[in-house]
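In this text, all values refer to a predicted model and were calculated from it rather than measured experimentally.
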Amino acid sequence: MRLSKYFLPTTRKVPSDAKVPSHILSIRAGLIRQVSRGVYNILPFGYRIIKRIEEIIRDEMDKIGAQEILMPIIQPAELWQETGRWSEYGLELMRLEDRLGREMCLGPTHEELITELIRKEVHSYKQLPINLYQIQVKFRDEIRPRFGLLRGREFIMKDAYSFHATWKDLDKTYEDVKKAYSNIIEKCGLDYRIVEAESGIIGGKVNHEFMILAETGEEEIFYCTNCDFAVKKDLAPIKVEDKCPNCQSDLIKSKAIEVGHTFQLGTKYSESMKAYFLDKEGNQKPFIMGCYGFGVTRLLSAAIEQKHYDNQITWPIQISPFKFHMILINPHKEKLKQIAEELYQYLLRNNIEVLYDDREISAGIKFNDADLMGIPIIGVVGNEILKTNKIEIKNKIKSKKDLILKEDILDYITTESNI
RNA sequence: CGGGGCGUAGCGCAGUUUGGUUUAGCGCGCUUGCUUUGGGAGCAAGAGGUCGGAGGUUCAAAUCCUCUCGCCCCGACCA
């Protein structure tokens with residue numbers, strides 16, 4: 001992609017209404033623009049990152065046998081009345097009426113809808129288990145949206161729902177999803193912990209939260225310096241001075257951002273909605289359910305929070321919108337421009353996603369934009385290439401600078417971005 | 001919802017206290033031309049505002065009054 005043609009509005013100044021790094025930087029780097037309170041346009045650069053995250057999620061969900069579907073955003077009130085959540089959910093549920101005066105809501109989550117689907121279509125234990133997921137826009141009229149995409153009213157979420165004949169079978173899928181979530185976050189290159197949590201309005205028994213470690217998180221957790229033990233601060237009678245109950249190592253207190261939440265729902269929804277199947281003995285039984293949420297747009301923000309430094313984003317290479325950010329220093333120098341153009345075409349032919357800064361502006365702006373935008377491998381086509389045939393590389397993955405022969409650039413990018 | 005704050009050009013702001021020298025400014029950005037060209041360039045010329053909206057007071061309102069809408073921050077809720 002040529003930066004000269006790319007709709008990527010970067011700003012030099014800090015927007016006055018943003019307070020945390022991910023919010024400030026996602027505006028400055030041209031990822032998002034606010035539409036109204038807690039509602040954002042996602043611009044091309046930002047959307048590329050979201051699509052990367054989504055692909056990783058699809059990959060891992062498909063791997064554990066979940067199947068992708070797409071349910072409507074708009075949902076009829078009747079289903080919510082069946083479970084009692086029409087009144088329970090309160091002001092956070094965005095309600096509206098259609099032209100006939102029928103009450104509807106914008107889905108904040110989809111237990112009702114999926115249970116309705118399954119009760120109509122699945123009637124036998126032979127059809128179980130089944131695990132369905134979607135990646136979709138959700139709407140929650142939050143009391144206080146803040147921090148940009150970190151806590152919007154409208155956000156993209158992956159939500160999955162599984163249906164089982166037995167608790168034992170739910171346990172298995174539940175563990176599969178937990179593993180999948182861990183894989184997703186690891187593939188996104190982020191540091192995280194899993195904690196047990198309360199279930200809130202979703203309901204259910206066992207549940208876990210997936211926490212991205214970051215200074216600006218709204219949650220506080222203690223975690224072990226040695227093993228993977230971690231707890232929410234207010235949920236356990238534990239102090240930082242205590243030792244890990246598993247391995248007696250030291251504990252660390254950290255703020256964290258919740259990006260995933262898994263629940264063993266049991267029969268809460270299947271019973272209230274009379275969703276039954278016939279077991280092997282011919283007995284009618286309610287489905288045993290699990291549900292699993294994962295915030296896509298929130299993960300994007302969390303990645304910025306965890307990986308930024310100073311005024312620079314650094315994308316983990318796995319979710320970086322481009323693999324290589326190529327800066328042409330002097331577009332007016334014919335020879336240099338020719339080399340850069342050829343290099344650009346060469347990389348494209350070899351399927352390297354390259355962002356090529358061919359703009360006719362001063363070098364300082366290009367350097368600063370590149371640092372801000374956060375593609376972790378930045379290459380400079382400048383005087384050095386005329387003298388020694390080498391590209392100057394700023395490698396933010398390994399925090400180092402390299403000089404790479406033009407001929408070796410493809411290998412370099414492939415090797416460095418393949419982690 | 002309780003408490004605090006802000007709405008003036010695309011962005012960031014000054015001007016509001018004490019109404020009138022303001023034809024509503026400044027910086028950045030934008031347009032055109034020339035120069036410049038390795039860490040946010042220089043000169044010149046330009047474009048861009050119903051001062052968030054409605055009503056009121058007044059000879060006169062960005063400025064005073066009433067209502068209203070929007071946004072931000074601090075708390076309780078959540079992926």
Side-chain angles (χ1 to χ4, degrees), chain A residues 9-20 23-24 27-28 30 33-39 53 57 88-93 107-110 133 135-160 181 184-185 197-202 207-212 217-219 232 234 256-263 291-302 311-312 327-333 336-337 357 359-372 378 380-387 392 394:
Chain A
T10 57
T11 68
R12 195 167 163 184
K13 285 200 171 124
V14 176
S16 60
D17 53 1
K19 305 293 172 204
V20 298
H23 190 193
I24 293 169
I27 293 169
R28 289 198 51 212
R33 286 293 182 268
Q34 184 169 7
V35 174
S36 70
R37 190 168 165 264
V39 178
I53 297 168
I57 291 172
E88 220 177 287
Y89 222 98
L91 292 170
E92 198 168 312
L93 187 63
T109 175
H110 285 241
Y133 75 97
I135 297 177
Q136 190 221 34
V137 168
K138 294 280 184 282
F139 196 97
R140 294 182 189 176
D141 201 353
E142 290 272 351
I143 296 170
R144 186 144 105 83
R146 63 184 125 176
F147 308 148
L149 256 29
L150 217 39
R151 179 192 226 56
R153 289 194 297 169
E154 189 176 301
F155 56 95
I156 299 172
M157 174 171 145
K158 190 271 337 174
D159 47 327
Y181 276 24
I184 290 165
I185 300 172
E198 297 160 302
S199 54
I201 198 164
I202 308 272
N207 75 96
H208 292 89
E209 290 177 2
F210 291 72
M211 299 290 199
I212 305 291
E218 296 184 86
E219 311 280 348
K232 288 182 92 168
D234 357 314
I257 299 163
E258 178 195 351
V259 295
H261 202 155
T262 55
F263 300 84
C291 80
Y292 320 93
F294 195 98
V296 175
T297 36
R298 180 174 283 182
L299 181 81
L300 178 151
S301 288
N311 282 317
Q312 303 186 20
I327 296 175
L328 166 59
I329 289 288
N330 296 309
H332 57 279
K333 282 191 185 167
L336 212 49
K337 177 158 188 173
D357 194 346
R359 294 176 298 175
E360 301 200 358
I361 51 172
S362 72
I365 296 176
K366 295 188 180 192
F367 288 130
N368 282 312
D369 272 354
D371 289 339
L372 169 66
I378 301 167
V380 176
V381 175
N383 292 335
E384 191 66 35
I385 210 167
L386 292 176
K387 281 186 255 166
E392 299 147 80
K394 178 171 182 178

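Judged by Watson-Crick or G-U wobble contacts below 3.5 Å, the nucleotide B:C71 has B:G5 as its partner. Using the Watson-Crick or G-U wobble rule with both distances under 3.5 Å, B:A14 pairs with nothing in any strand shown. B:C51: no Watson-Crick or G-U partner with both key distances under 3.5 Å is found in any strand. The partner of B:A76, taking Watson-Crick or G-U wobble pairs whose two distances both stay under 3.5 Å, does not exist in any strand shown. B:C64 is paired with B:G56 under the criterion used here, namely a Watson-Crick or G-U wobble arrangement in which both key atom distances are under 3.5 Å. When Watson-Crick and G-U wobble pairs are counted only if both distances are under 3.5 Å, B:A41 pairs with B:U35. Checking B:G46 for Watson-Crick or G-U wobble geometry (two distances, each under 3.5 Å) identifies B:C30 as its partner.
One donor-acceptor pair, N or O on each side, does fall under 3.5 Å between the base of B:C78 and the side chain of A:R151.
Using C1' as the reference atom, B:G20 and B:A60 are 7 Å apart when rounded to the nearest Å. Across the C1' atoms, B:U23 and B:G70 are found 31 Å apart, a figure rounded to whole Å. Atom P of B:C26 sits at a distance of 16 Å from the matching atom of B:C43, rounded to the whole Å. B:C11 and B:C74 have their C1' atoms separated by 26 Å, given to the nearest Å. If you take atom P in B:U68 and the same atom in B:A62, they sit 23 Å apart, rounded to whole Å. Remark: the separation of the P atoms in B:C65 and B:C6 is 14 Å, to the nearest Å. For B:G2 and B:G19, the P atoms lie 34 Å apart once the distance is rounded to whole Å. Using C1' as the reference atom, B:G4 and B:A9 are 29 Å apart when rounded to the nearest Å.
The side chain of A:Q34 approaches B:C71 more closely than any other nucleotide in the set B:C71, B:C77, B:C28. Side-chain proximity of A:R37 to B:C72, B:A76, B:A79: nearest is B:C72.
The CD1 atom of A:I57 lies 5.0 Å from the CD1 atom of A:I184; values are rounded to the nearest 0.5 Å. Here A:K337 contributes atom NZ and A:I329 contributes atom CD1; the two are 14.0 Å apart, rounded to the nearest 0.5 Å.
Pairing each heavy atom of A:L336 with each of A:G382, the nearest pair is CD1-O, 3.4 Å. Minimum heavy-atom separation, A:M157 to A:G293: CE-CA, 3.8 Å. Nearest heavy atoms, A:A160 versus A:K158: CB-NZ, 3.5 Å.
In this view, A:E392 and A:V380, A:E384, A:L403 satisfy the side-chain contact (heavy atoms from CB on, under 4.5 Å) rule, not counting sequence neighbours.
Ion pairing between a basic and an acidic side chain is recognised when a charged N comes within 4.0 Å of a carboxylate O; A:E154 and A:K138 show no such pairing. Looking at A:R37 and A:E142, no side-chain N of the basic residue comes within less than 4.0 Å of a carboxylate O on the acidic one, giving no salt bridge.
A close approach under 4.0 Å does occur between a side-chain nitrogen or oxygen of A:R146 and OP1 or OP2 of B:G75. Regarding contacts with the backbone of B:A76, every side-chain N or O of A:R144 stays at 4.0 angstrom or more from both OP1 and OP2.
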Provide a list of protein-nucleic acid N or O atom pairs under 3.5 angstrom, restricted to nucleotides 32-41 of chain B.
residue, atom, partner, partner atom, Å
B:U37, O2', A:N330, OD1, 2.4
B:U37, N3, A:H332, ND1, 3.2
B:G38, N7, A:N383, ND2, 3.2
B:G38, O6, A:N383, N, 2.2
B:G38, O6, A:E384, N, 3.3
B:G38, O6, A:E392, OE2, 3.4
B:G38, N1, A:E392, OE1, 3.0
B:G38, N1, A:E392, OE2, 2.8
B:G38, N2, A:E392, OE1, 2.5
B:G39, N1, A:D371, OD2, 3.3
B:G39, N2, A:N368, OD1, 2.9
B:G39, N2, A:D371, OD2, 2.6
B:G40, O2', A:R12, NH1, 2.9
B:G40, O2', A:R12, NH2, 2.7
B:G40, O6, A:R28, NH2, 3.4
B:A41, OP2, A:S362, OG, 3.1

Would you tabulate the nitrogen or oxygen pairs shorter than 3.5 Å linking the protein to nucleotides 43-49 of chain B?
none

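Atom C1' of nucleotide B:C71 and atom NZ of A:K19 are separated by 11 Å, given to the nearest angstrom. In this entry the distance linking CD of A:E218 with C1' of B:C78 reads 9 Å, nearest Å. Summarising the geometry, the separation between CD on A:E142 and P on B:C1 is reported as 16 Å, rounded to the nearest angstrom. Between the CG atom of A:D17 and the P atom of B:C11 there is a distance of 10 Å, rounded to whole Å.
Of the two residues near RNA chain B, A:S36 and A:I143, the one whose nearest nucleotide lies more 5' is A:S36. Checking A:F147 against A:E154, the closest nucleotide of RNA chain B that is more toward the 5' end is the one next to A:F147.
Partner A:V296 forms a side-chain contact (heavy atoms from CB on, under 4.5 Å) with one of A:I156, A:L149, A:V137 and no other, that one being A:I156. Checking each of A:F294, A:Y133, A:Y292 against A:Y181 for a ring pair (Phe, Tyr, Trp, His ring centres under 6.0 Å) leaves exactly one that passes, namely A:F294.
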Requested in this report: Apply side chain to side chain contact (heavy atoms under 4.5 Å, CB included) to the pair A:L372 and A:N311, showing each step before the final yes or no.
Outcome: CA-CA 6 Å; A:L372 169 66; A:N311 282 317; 5.6 Å; no

